[in-house]
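Accompanying notes for the structure given below.
In what follows, residues are counted from 1 in the order of the sequence shown.
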Amino acid sequence: MLCFVVYGCSSKTDKLPNILWITIEDTSPHFLSNYGANIPTTPVMDSLGRTGVVFTNAYATGAVCSSSRSTIITGLTTQMMGTGNHRSNYPIPTFIKGFPHYLKQAGYFTSNNDKTDYNIANEEQFELEAWNESSDTSGWWNRKSEQPFFSVFNFMSSHQSRTMTNPWKWYKQEILDQLPPNLVIHPEDIEMPPFYKDSKLMRKHVARIHNSLRKTDLDVKILLDRLKIDGLMENTIIFIFADHGEGMPRGKTHSIAFGHRVPFYIWFPEQYKHLSPWGINSVTESLVSFEDLGATILGLAGVDVPDHMKGTSFLSEKKDSELREYVFAARSRLDETPGLERTVFDGTYVYSRNFYPRFPVMRYQKYSYVSDIVKTIQSDAANGLLNDIQMELVSKPRPIEYLYNLSKDPWEVQNLAEDPAYDSVLQRLRSKVIEKILEEKDIHFLPEELMLQRSTTSTPFEIRTDSILNPINDIVRVADLVGRENDPAIFISFLEDEREEIRYWAAVGLGMIPDSCVPYKSQLLSYLKDSNPYVRIEIAGLLYEIDKSIEAKKVLVESMRDSSDYVVHHVLQRIIYNEQIAPHFLKEVKAIESNYLKNDRSGFNYPVVNSIEMFLHIYNNTPLYYEKMLPWMEEITEN
């Protein structure tokens, strides 16, 4: 007989629980009444949470679906596996299995309906090992009689495509028209986040969140009704949570709490309520990390947690001193937009270190830039209609550090990082982030192509522990100077290092202080011949910004014609955010657009194509849209 790891063999029942796992897309708790929202947007889910356990400090490890789900399914962070770059498919070691694989071995029926998005190579085989079934028709109903089940359902109605990115007509068809009139939430009734302008038009945009959640709640009700009809409600433990934060500007993709904090409920039937350390009808501030989800489910099923999984069950009996003190999170490349942000939560504060501060919050990402809300924000910013807090969405450079008191400032608008009164908190959390980077040997501090080149015969997970291939201590020593150090001589000294990754971060640091680099420009010219293309691009971008150097432009143009998509992408992202120099490269970008349209490259093609389209949209007024959305769009005017 299998015994519960949670409390040992149960005195109440020795029957293994069924587990229903409901994942809703792209949702921050700010919009749910259990977390203080002024409108009961999700009454079905709220009721289930209130009669179970409501977690107020649950955090996704990633700020976008693929990186978040990569950690959920493996119990390992993307910083360890190299799976943090959204829409990548890099290999992981074969011994790393999806945790449902171990449930299958223990006799559970495992089903997934229907999204996977694990962001790894050989995903098809990985899924076959993890799931008895994974399709849009999968569910507990296909198991053997009396077989315990672990069934996952992923509901898309709250996804960013509904709340933000897709056209209004499509949203109306998919969400508004699916709601009874009495359930529609009107723009004038919502609470506006303070980082958005409180205008009639912005209220219309933000109301999409509430109505998409209303539709999600109805979807969940249909599933729960089926569970009840099948007579399974009283022996099934139910988890409900979001895969990461809200799919709106400053949420999803952004490594503050709004991008990572999620609503999280667990409901226990009567026979299993003793498995909750908090009882039922309760609220807990205990910290939950997505690293822990797999271990928690395995614990409920009485299955040993594999040694390679780093998380632990948060349903086990633990002393206060053994509970999680911190949750860590990350944001790396997302579609075509670069990023390297590392974050820590302690239950009261969130601290985030931004290693690429030259990029604004609302980066030039095609997927979000086609949306009406981004167009409205950009228009309001250009017309001087935004206050200082709202302008932070488009301002650059950004701060290198964020520190917010979540208990007093849930919308995260008062950055305390430079407030001397919070220096001790800042120092503590700053050190925790660096410690975590070093402990995990965070592989994403290598430029992406370099990480792949060094793991050709292995995996990023394995090479990260090699101090030659990934000298993380020395890398972080330089990377952590970016945005802090204003003396070019410090960075130039690192340009002499024989290791290309060290030279790369030194060049990134110099790019943050162009005015200070003017006296050093003749010395910097020699680094245009660096053996590493990313170093050359960073130095060339800096020198062209300083004085429109002919030599620098030549390097940038040559980089645009490079055979590596990663190099082409990097140079486009290096210049697109600089309005002073980007228009000087319009002819060259148009030329490579033609090349990319003629030659459909595989692999890293789409971030390059998106970067080109974004560049031409911003600097050539070229319409930006997705072909598949044309039936729902207003008229597109071509130049």
Side-chain angles (χ1 to χ4, degrees), residues 22-46 49 60 63-65 68 154-180 183-220 240-254 256-265 361-362 367-377 390 393 410-413:
I22 298 171
T23 307
I24 63 174
E25 296 272 344
D26 303 14
T27 300
S28 295
H30 304 63
F31 303 97
L32 280 66
S33 64
N34 282 351
Y35 295 88
N38 65 335
I39 298 173
T41 307
T42 55
V44 173
M45 289 187 279
D46 290 344
V64 70
C65 51
S68 181
N154 299 275
F155 289 108
M156 289 291 292
S157 290
S158 55
H159 186 261
Q160 187 176 17
S161 55
R162 279 73 168 171
T163 61
M164 171 182 165
T165 59
N166 288 8
W168 177 267
K169 289 182 179 178
W170 186 90
Y171 155 76
K172 183 177 183 298
Q173 172 184 294
E174 296 295 314
I175 301 297
L176 285 185
D177 292 349
Q178 306 299 317
L179 292 174
L183 292 185
V184 172
I185 297 172
H186 301 286
E188 60 270 21
D189 296 327
I190 67 173
E191 176 187 0
M192 283 294 286
F195 43 77
Y196 298 149
K197 178 178 171 57
D198 191 352
S199 65
K200 184 177 180 180
L201 185 54
M202 282 297 289
R203 280 182 170 271
K204 176 183 176 182
H205 299 322
V206 176
R208 289 177 63 161
I209 296 174
H210 297 268
N211 286 307
S212 296
L213 281 168
R214 270 280 163 90
K215 174 63 167 55
T216 303
D217 204 51
L218 294 180
D219 297 337
V220 170
I240 299 180
F241 61 95
D243 59 347
H244 50 72
E246 192 59 53
M248 295 288 278
R250 206 172 184 263
K252 179 179 179 178
T253 80
H254 188 38
I256 57 175
F258 196 50
H260 292 282
R261 184 171 170 234
V262 297
F264 196 103
Y265 306 144
V361 171
M362 289 202 321
Y367 183 63
S368 63
Y369 231 79
V370 296
S371 69
D372 291 335
I373 190 170
V374 169
K375 293 172 186 174
T376 301
I377 291 170
Q390 294 153 4
L393 289 165
W411 290 110
E412 300 167 273
V413 295

Margin query: Looking at Phe258, is its backbone amide N or carbonyl O close enough to the side chain of Glu412 to form a donor-acceptor pair, meaning the two atoms are under 3.5 Å apart?
Written below: yes
Notebook entry, point to check: Hey, is the main chain of Gly247 close enough, under 3.5 Å, to the side chain of Thr163 for a donor-acceptor pair?
Noted result: yes
Margin query: So, using side-chain hydrogen bond (donor to acceptor under 3.5 Å, both in side chains) as the criterion, who are the partners of Tyr265 when residues are at least two apart?
Written below: Asn34, Asp46
Check: Which heavy-atom pair separates Phe195 from Leu393 by the least distance, and what is that distance?
Finding: O-CD1, 3.4 Å
Checklist line | Partner residues of Asp189 under the salt bridge (Lys or Arg N to Asp or Glu O under 4.0 Å) criterion, sequence neighbours left out | finding: none
Next item on the list: Keeping to residues at least two apart or across chains, list the salt bridge (Lys or Arg N to Asp or Glu O under 4.0 Å) pairs with something in residues 26-37.
Entry: Asp26-Lys252
Item checked: Straight-line distance of Glu246 CD to Ile209 CD1, nearest 0.5 Å -> 4.0 Å
Notebook entry, point to check: So do the side chains of Met362 and Ile377 get within less than 4.5 Å of each other, counting heavy atoms only?
Noted result: yes
Next item on the list: Name the orientation class of the two ring planes belonging to Trp411 and His30 (parallel below 30°, tilted from 30 to 60°, perpendicular beyond 60°).
Entry: tilted
Checklist line | Heavy-atom check, side chain of Met202 versus side chain of His205, under 4.5 Å | finding: yes
Margin query: Quick check against the 3.5 Å criterion: does Tyr35 have a side-chain atom that pairs as donor or acceptor with the backbone of Ser28?
Written below: no
Next item on the list: State which residues pass side-chain hydrogen bond (donor to acceptor under 3.5 Å, both in side chains) with Gln178; sequence neighbours excluded, sorted by chain then number.
Entry: none
Item checked: Any side-chain heavy-atom pair of Ile256 and Arg250 under 4.5 Å -> yes
Margin query: Show, in sequence, the C-alpha distance, side-chain angles and deciding distance for Phe155 and Ile240, and conclude whether the side-chain contact (heavy atoms from CB on, under 4.5 Å) test is met.
Written below: CA-CA 11 Å; Phe155 289 108; Ile240 299 180; over 6 Å; no
Checklist line | Non-neighbouring partners of Thr165 that pass side-chain hydrogen bond (donor to acceptor under 3.5 Å, both in side chains), sequence neighbours left out | finding: Tyr367
Note to self: Within the structure provided, determine whether Met164 and Pro249 are in side-chain contact (heavy-atom separation under 4.5 Å).
What the structure shows: yes
Checklist line | Thr216 side chain vs Ser158 backbone, donor-acceptor pair below 3.5 Å | finding: yes
Margin query: Test: salt bridge (Lys or Arg N to Asp or Glu O under 4.0 Å). Region: residues 209-219. Which pairs qualify, not counting sequence neighbours?
Written below: Lys215-Asp219
Next item on the list: Identify the heavy atoms of Ser157 and Ile175 that sit nearest to each other, and give their distance.
Entry: O-CD1, 3.6 Å
Checklist line | Atom pair CD1 (Ile190) and CZ (Phe31), whose distance is rounded to the nearest 0.5 Å | finding: 8.0 Å
Next item on the list: Go through Leu32 and Met45 one step at a time and tell me if the side-chain contact (heavy atoms from CB on, under 4.5 Å) criterion holds.
Entry: CA-CA 9 Å; Leu32 280 66; Met45 289 187 279; 5.6 Å; no
Notebook entry, point to check: Is the side chain of Ser68 donor-acceptor paired with the backbone N or O of Cys65 at a distance under 3.5 Å, no angle test?
Noted result: no
Item checked: Main-chain N/O of Tyr196 paired to Gln390 side chain as donor or acceptor, under 3.5 Å -> yes
Note to self: Is it the case that the side chain of Arg208 and the backbone of Arg162 share a donor-acceptor pair, with hydrogens and angles ignored and the cut-off at 3.5 Å?
What the structure shows: yes
Notebook entry, point to check: Atom CD in Glu188, atom NZ in Lys200: separation rounded to 0.5 Å?
Noted result: 9.0 Å
Next item on the list: Starting at CE of Met156, measure out to CD1 of Ile24 and round the result to the nearest 0.5 Å.
Entry: 12.5 Å
Checklist line | Asn166 side chain reached by Tyr171 side chain, heavy atoms, under 4.5 Å | finding: no
Margin query: Rounded to the nearest 0.5 Å, what separates atom CG in Leu179 from atom CD1 in Ile185?
Written below: 8.5 Å
Check: Are any non-hydrogen side-chain atoms of Pro180 and Leu218 less than 4.5 angstrom apart?
Finding: yes
Next item on the list: Mind checking the NE2-CZ spacing from His210 to Arg203? Nearest 0.5 Å is all I need.
Entry: 9.0 Å
